[in-house]
Amino acid sequence: MPPYPTGSWMPVALSADLPAGTVMPAQSPAGPIALWRSHSGRAAAFADRCPHRGMRLSHGFVRGETLSCIYHGWSYAQAGNCLRIPAHPALTPPDTIRVATQPVEDGGGIIWISVGEPAAGPPRFEGLAPLRSMMVEADVAALEAAAGTKIGEGLLDYTHNSRTIRLLLAPEGQARTLMHVLVDEDSNPAELIATSRAAEALRRAAEHISLTGIAR
Ligand code: FES
């Protein structure tokens, strides 16, 4: 799934959007994931399906260093193995009961999951910091068309009202893209607002192209 082929890292969320002790749904090329952060601050990515009866683990809750399913309370360690089955408190769950996990890297304000087995860590964008994420109902090609340029070195540049903003894109399915907006680390509040508005303008333009096939 371009632009994240096997052997790369995909930016699935901003670190700030996943506080300690929370879980959220996200998408990877392998399917839906439950992205969660333990109370000590470590992020993990599970397949979003409980091995017991298939409940979405992104509906679950974090307790300490475990993620518990909302349905019958089975609890899983970050390595994916089941630690506790409340209906059988004396039982040590067999190691075969486990959730599929995906490697996670949390750095530079961005949470990445690996697509396949990358040879190196995820990219770092020196001097840039994440501002916000937004979902765009359009594919990467529509975003590139709206921006009038192609992704280069992992980022899409978009110039709006004399301001160039930098975007990190994560495709979600056929016509949906999660867009992370990056800003210069030393941006002032007015620049942050202008960058955010420029990103919203790009989103509208890309969604218009996606709907009509025509640039504004
Ligand atoms: S479906 Fe998850 S514990 Fe039963």
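The structure displayed is predicted, hence computed values, not measured ones. Here, residue 1 is the first one in the sequence, and each next residue gets the next number. When a ligand or atom number is given, it counts from 1 through the structure's own listing order.
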Check your understanding: Hey, are Arg37 and Asp106 close enough for a salt bridge, meaning a charged N less than 4.0 Å from a carboxylate O?
Key -> yes
**Study point:** Phe125 atom CZ, neighbour heavy-atom count above 12 within 6.0 Å
**Key:** yes
Review point. What residues sit with at least one heavy atom under 4.0 Å from ligand 1?
Key: Cys50, His52, Arg53, Met55, Cys69, Tyr71, His72, Gly73, Trp74
Review point. Atom CD1 in Ile113, atom OG in Ser28: separation rounded to 0.5 Å?
Key: 4.0 Å
Review point. Would Ser196 and Arg132 satisfy side chain to side chain donor-acceptor pair (under 3.5 Å), going step by step from the backbone distance to the final call?
Key: CA-CA 8 Å; Ser196 191; Arg132 59 180 288 200; 2.6 Å; yes
Practice item. Verify whether one side chain among Thr164 and Asp157 offers a donor that lies under 3.5 Å from an acceptor in the other. Key: no
Review point. Judged by modelled atom types alone, do Glu137 and Ser210 share a side-chain donor-acceptor pair under 3.5 Å?
Key: no
